[in-house]
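To start, the structure itself, in structure tokens.
The first residue in the sequence is number 1, and the count goes up from there.
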Amino acid sequence: MKKRDKLVIVVFSVFTLAAGFIGRAVDMVLTEQPEGQSLGMLIWLILPLLISVIIRLTNKGYFEPVGFKMNFGRNAKIYAISLLIFPLISIVCTRTAYQFNQTIVGGFNRSLVGVVVAGAVLKNLVEEITWRGNMVPFFEKTEWNDYLIYLSTGLIWGCWHIPYYLYFVGLDGDMKLKTILSGIVIMLMWAPLFVEVRRATRSFIPAYLLHMTEELSYSLIFVPAGKFKLNKTYDIFMNPVSGIIPLAFILVLGLILRNRRVCRGEVLCQE
């Protein structure tokens, strides 16, 4: 690995992991801001993308496509997976829970639907341009093996959320630590699938579809006043996002896509 490529990884990682804490410092100065729409939260979301743009503009050899072109042609199956896998998991998990009386059904607050949809569409677009559009190609320049790339990008992705859970989302007490640990585990388990759909298509778009449909299929059920609240034991194993069985399934699916790529002789991605 060249010294410059190592420096790029360090700079990207440091600024990405610091973004939320920088945002929190700004919010502590600018106290009169709408809840959930602060400048600090915007800094947390946008700063990793801005650092990615600066890296690309200031380093020769970092002008590879971010991946705005879909390259749909021979990748229809990848796009089908990206669109359908998380909705199917949510349907199976919640339907099974309902069938076996493992849910607590509450009221449905329709006013939250628009917020959930807008957040899933816009926030995840910024995220995936950053993570799979920029972070993954940066780490591929290290020539690390696949598993180290999954681990490193998954950790950065997960740890970037720490200040969000600490300061921006309004969690209380022990829920902060529980959510932070759970979030990091989730991102690590998802990393192979998100990396591999990027590699298969040379585009961040299928990863964006994965991320958006995951958030929509989960949040439209659970966020509006707890339409479904899963009983504790069932939640541990079959929560659509954090359950042991869905996470294992997503991990295995990502490794299957990796095996498919390797068997085709594609070291990184299609040319």
Side-chain angles (χ1 to χ4, degrees), residues 16 19-24 26-27 30 33-50 52 66-68 82-91 93-94 106-135 154 156-172 175-176 178-180 182-184 186-187 190-191 193-194 197 204-230 239-242 246 250:
T16 293
F21 297 102
I22 295 171
R24 172 61 173 173
V26 170
D27 283 350
L30 304 175
Q33 299 185 73
E35 186 176 353
Q37 301 178 41
S38 70
L39 178 59
M41 189 170 178
L42 182 63
I43 290 170
W44 165 75
L45 178 63
I46 296 294
L47 185 56
L49 178 57
L50 293 179
S52 301
V66 173
F68 287 97
S82 298
L83 278 170
L84 298 176
I85 195 64
F86 279 115
L88 287 174
I89 288 173
S90 288
I91 289 170
C93 291
T94 54
F108 190 80
N109 187 347
R110 294 181 184 275
S111 66
L112 292 177
V113 172
V115 175
V116 169
V117 172
V121 171
L122 298 176
K123 181 180 79 70
N124 291 325
L125 179 61
V126 175
E127 280 203 49
E128 287 309 320
I129 292 174
T130 303
W131 309 133
R132 262 52 67 172
N134 287 285
M135 178 176 66
I156 291 173
W157 185 22
C159 290
W160 171 77
H161 286 82
I162 290 175
Y164 175 74
Y165 298 136
L166 286 176
Y167 308 124
F168 300 129
V169 79
L171 297 175
D172 296 322
M175 279 301 297
K176 290 183 179 180
K178 179 182 176 182
T179 307
I180 286 169
S182 174
I184 292 173
I186 289 169
M187 303 306 162
W190 284 358
L193 178 59
F194 278 74
V197 297
F204 77 87
I205 294 176
Y208 167 58
L209 295 175
L210 273 171
H211 208 158
M212 179 180 65
T213 55
E214 174 275 321
E215 193 159 316
L216 283 175
S217 58
Y218 178 85
S219 297
L220 286 177
I221 295 173
F222 288 87
V223 170
K227 180 64 175 178
F228 281 90
K229 184 177 179 181
L230 301 176
N239 183 293
V241 172
S242 60
I250 291 297

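With contacts defined as side-chain heavy-atom distances shorter than 4.5 Å, the pair Cys159/Ile184 qualifies. Looking at Ile180 and His161, their side chains never come closer than 4.5 Å, going by heavy atoms from C-beta outward. Contact check for Tyr167 versus Ile162: no side-chain heavy atoms found under the 4.5 Å cut-off. You'll find the side chain of Pro246 reaches within 4.5 Å of the side chain of Cys93, heavy atoms only. Taking 4.5 Å as the limit, every side-chain heavy atom of Leu216 sits out of range of all side-chain heavy atoms of Ser90. In this structure the side chain of Ile186 never reaches within 4.5 angstrom of the side chain of Ile250, judged on heavy atoms.
Trp157 carries Arg132 over the face of its six-membered ring, with the cationic atom under 6.0 Å from the centre and within 45° of the normal.
In terms of the side-chain hydrogen bond (donor to acceptor under 3.5 Å, both in side chains) criterion, residue partners of Lys123 (sequence neighbours excluded) are, by chain and number, Glu127. Residues satisfying the salt bridge (Lys or Arg N to Asp or Glu O under 4.0 Å) criterion with Glu214, sequence neighbours excluded, are absent altogether. The side-chain contact (heavy atoms from CB on, under 4.5 Å) check on Ile91 picks up nothing, with sequence neighbours excluded.
Heavy-atom minimum distance, Lys176 versus Leu166: NZ-O, 3.2 Å. Taking each heavy atom of Thr213 and Ser82 in turn, the nearest pair found is OG1-O, 3.3 Å. Summarising the geometry of Ala19 relative to Ile43, their closest heavy-atom pair is O-CG2, 3.9 Å, with the distance given to 0.1 Å. The two residues Tyr218 and Val241 make their nearest non-hydrogen contact at CD1-CG2, 3.4 Å. Heavy atoms only, all atoms of each residue included: Gly154 and Met187 are closest at O-CB, 3.6 Å. Looking at every heavy atom in both residues, Leu39 comes nearest to Gln33 through N-OE1, 2.6 Å.
Using the six-membered ring where Trp is involved, Phe194 and Trp190 have ring planes that are parallel, under 30° apart on the 30 and 60° scheme. A parallel orientation is assigned to the rings of Trp44 and Trp160, their planes being inclined by less than 30° (bins at 30° and 60°).
To the nearest 0.5 angstrom, Ile205 atom CD1 is 9.0 Å from Ile129 atom CD1. In this structure, NE2 on His211 lies 8.5 Å from CZ on Phe86, to the nearest 0.5 angstrom. A distance of 10.0 Å separates CZ in Phe168 from CG in Leu42, rounded to the nearest 0.5 Å. Here the straight-line distance linking atom CG of Leu193 with atom CG of Leu210 works out to 5.0 Å at 0.5 Å rounding. The structure places OG1 of Thr94 at 10.5 Å from CG of Asn239, a figure rounded to the nearest 0.5 Å. Atom CG of Leu50 is separated from atom OG1 of Thr16 by 10.5 Å, given to the nearest 0.5 angstrom.
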_Full working for side-chain contact (heavy atoms from CB on, under 4.5 Å) between Tyr164 and Thr179_ = CA-CA 10 Å; Tyr164 175 74; Thr179 307; over 6 Å; no
_Test side-chain contact (heavy atoms from CB on, under 4.5 Å) applied to Met212 and Val121, step by step_ = CA-CA 6 Å; Met212 179 180 65; Val121 171; 3.8 Å; yes
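Between the side chain of Asn134 and the backbone N or O of Val66 there is no donor-acceptor pair closer than 3.5 Å.
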